[in-house]
Amino acid sequence: MDQFVATDLQTALYADALSNSHPISVTVHRPEEVEEIFDSISYDKGASILRMLESFLGRETFLQGLTSYLKKHKFGNADTDDLWKALDQAAHAAGKTGIDIKQVMDTWTNQMGYPVVTVTRQNRKLLLTQERFLLMPPSPACGGVVEFTSPYRYEWIIPLTYVTSTFPNQQQTLFMDSGHTKISLDNNSPEWVKFNVNQTGFYRVNYDSENWDALIGALQRNHTQALNSADRAGLLDDAFYLVRAGLLELDTSMELVKYLKKERDYVPMVTALDGLGYITKLLETETDDKDLYNNMKLFILELLEETIGEVGWEDQGDQLTKFLRSTVLGAACEYGHQQSAQQAHALFVKWMQSGGTQKVSPNLKTVVYRSGVQHGGKAEWDFCWQQYASATVAAEKRKLLYALAHTRDEGLVEKLLRYTLDSTKIRSQDTVRTITYISQTSVGYQKAWNFVKSNWQTFLDRYGSGSFNMAELAKVPSHRFSTRKQLEEVRAFFQSHDISAAARAARQTIETIQANIYWLEKNKAKVKTWIKNYFLPPEGGKARSSQI
């Protein structure tokens, strides 16, 4: 289940951190809104809060209630309250009478967003406060519409769990049903506390500086003994997003991630690389300071160096080990690790020279295909295109499209974009995916948006006003845009075109670009100072990068 943390929980936490999100339970007023609500909130957040419910009820009680619900309503209709009632009855039957399921869960389904719980140590007590977590505060600048209001004043009944350094294996549970509360630590004086055990709760946690420092120290000493894989991933994800929201200093997240040199589990590794990838992506667009971008890449590669050597290129091990290998090697190639790029290129050439008969190992395909195209030329791109055209398995075609989108040849990027309008070359159902892939690259992101703008009406005619494809196209600028000029360009386009099929997505895009601008304005100088001090400490010494 640790994989759920990275694939579902974190995806939902990001989507629901926007002021232009929506509740899980929402009234639909127009046909176009139906497709809009079938998104990460409905699916990933829905799954996450059910996982949270299972955690505090207990698996057996949860399954009994769910079984009762399904049997009672088979071949019939049901609503949310029917599920809460069945689970409530199961809880009472199990002797868990102090929980009102509907009262708790309504705060999670009938209002959008989620809380950040701030934990402050006061002698032998912990002061806990909750507030809504937002990447950017709601304002007219974030889209001009406050679509939903909260019937609970953006407070949640939170099933809190925590462990301490003194008793790391003894989980404590309590419900927080107000804006603030206190917890007594009895006679214990633990070095650190960690809330949201196993990341089963749908909330973020911030700590005072002393507790952050203690957690960082514990991970650096022995990360596997201090916290399990899911908790390490949660700590990393919270830290990066708290920085983005302006609730935590960037230095704390950078100090935290240094322990990654010893990390060998997939879920915290992919979480850390996502957080570092966001920073690197924004720095890459800053053309006036390429040294900072290059040194950020050097920092990441130094964190990964030992792991790169350990995972190797043999596609073996359990599934999470295979995921770890492809993630680490993909990052290594992306950030310029010479040996990894050479090995990926050698595997690509071997595949290419065999005419595609010498297959690449399944879990290394994305790494090898992308690296081969990214570091190759027209011949590599053409071969990959031929393989795409002849492939019959949808998953294989997606991997090849992803690779094709990562060419550094601007002419080939434009060619691939043109192909998306020709259904004999790229299927209509793959068009938006292809444009999205291109929008995520440094070479193609502006070209992808220009293409969307030029062909907006064509796509609207193709997909219709009730299609989620239009919402995805409206999000194209959100992947890399990070300047005020780009923000105004996107806003002007949305104001002058029919975006009824993607109104919420358009507002989310405006908000995301603003968040990108905010991060750079607040943190660019800080990350430059931190990176410089990392490679050349203030007390002197030889720099590990020629760029400093």
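Note that this is a predicted model, so its numbers are computed, not measured.
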- Message: Show, in sequence, the C-alpha distance, side-chain angles and deciding distance for Glu511 and Ser19, and conclude whether the side chain to side chain donor-acceptor pair (under 3.5 Å) test is met.
- Response: CA-CA 8 Å; Glu511 188 176 353; Ser19 63; 3.0 Å; yes
State plainly whether the residues [X] and [Y] are in salt-bridge range, i.e. N to O under 4.0 Å.
{"X": "Lys397", "Y": "Asp430", "value": "no"}
{"X": "Glu284", "Y": "Lys297", "value": "no"}
{"X": "Lys102", "Y": "Asp81", "value": "yes"}

- Taking the side chain as every heavy atom from C-beta outward, state whether Thr512 and Tyr14 have any pair of such atoms under 4.5 Å apart. yes
- Task: Please tell me if the side chains of Met352 and Gln386 come closer than 4.5 Å, counting only heavy atoms from C-beta onward.
- Result: no
Quick check for you: to the nearest 0.5 Å, what is the distance between [X] atom [atom1] and [Y] atom [atom2]?
{"X": "Leu421", "Y": "Ser428", "atom1": "CG", "atom2": "OG", "value": "10.0 Å"}
{"X": "Ile158", "Y": "Gln130", "atom1": "CD1", "atom2": "CD", "value": "4.0 Å"}
{"X": "Ser340", "Y": "Glu334", "atom1": "OG", "atom2": "CD", "value": "12.5 Å"}
{"X": "Gln495", "Y": "Ile510", "atom1": "CD", "atom2": "CD1", "value": "8.0 Å"}
{"X": "His479", "Y": "Thr441", "atom1": "NE2", "atom2": "OG1", "value": "10.5 Å"}

- Message: Can you give me the closest heavy-atom contact between Leu304 and Ala331, atom names plus distance?
- Response: CD1-CB, 3.9 Å
Only counting residues at least two apart or in another chain, list the ones meeting side chain to side chain donor-acceptor pair (under 3.5 Å) with [X].
{"X": "His345", "value": "none"}
{"X": "Lys365", "value": "Glu396"}
{"X": "Asn455", "value": "none"}

Taking [X] for its side chain and [Y] for its backbone only, find out whether a donor-acceptor pair lies under 3.5 Å.
{"X": "Asp265", "Y": "Val267", "answer": "no"}
{"X": "Glu380", "Y": "Gln374", "answer": "no"}
{"X": "Asp82", "Y": "Asp79", "answer": "yes"}
{"X": "Glu489", "Y": "Lys485", "answer": "no"}
{"X": "Ser361", "Y": "Asn363", "answer": "no"}
{"X": "Gln486", "Y": "Ser482", "answer": "yes"}
{"X": "Asn516", "Y": "Phe481", "answer": "yes"}
{"X": "Asp251", "Y": "Met254", "answer": "no"}
{"X": "Asp237", "Y": "Ala233", "answer": "no"}

- Aromatic rings Trp385 and Trp381: how do their planes relate, parallel, tilted or perpendicular, breaks at 30° and 60°? parallel
- Query: Parallel, tilted or perpendicular: which fits the ring planes of Tyr69 and His73, with parallel below 30° and perpendicular above 60°?
  - Reply: tilted
Mind checking ring pair (Phe, Tyr, Trp, His ring centres under 6.0 Å) for [X] and listing every partner two or more places apart, or none if nothing turns up?
{"X": "Tyr114", "result": "Phe133, Phe202"}
{"X": "Phe299", "result": "Trp530, Tyr534"}
{"X": "Phe493", "result": "Trp449, Trp456, His497"}

- Item | Thr436 versus Glu472, side-chain donor and acceptor atoms under 3.5 Å | no
- Query: Distance only, no hydrogens: is a donor on one side chain within 3.5 Å (strictly under) of an acceptor on the other, for Asp16 and Ser21?
  - Reply: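 Present: a donor and an acceptor within the cut-off.
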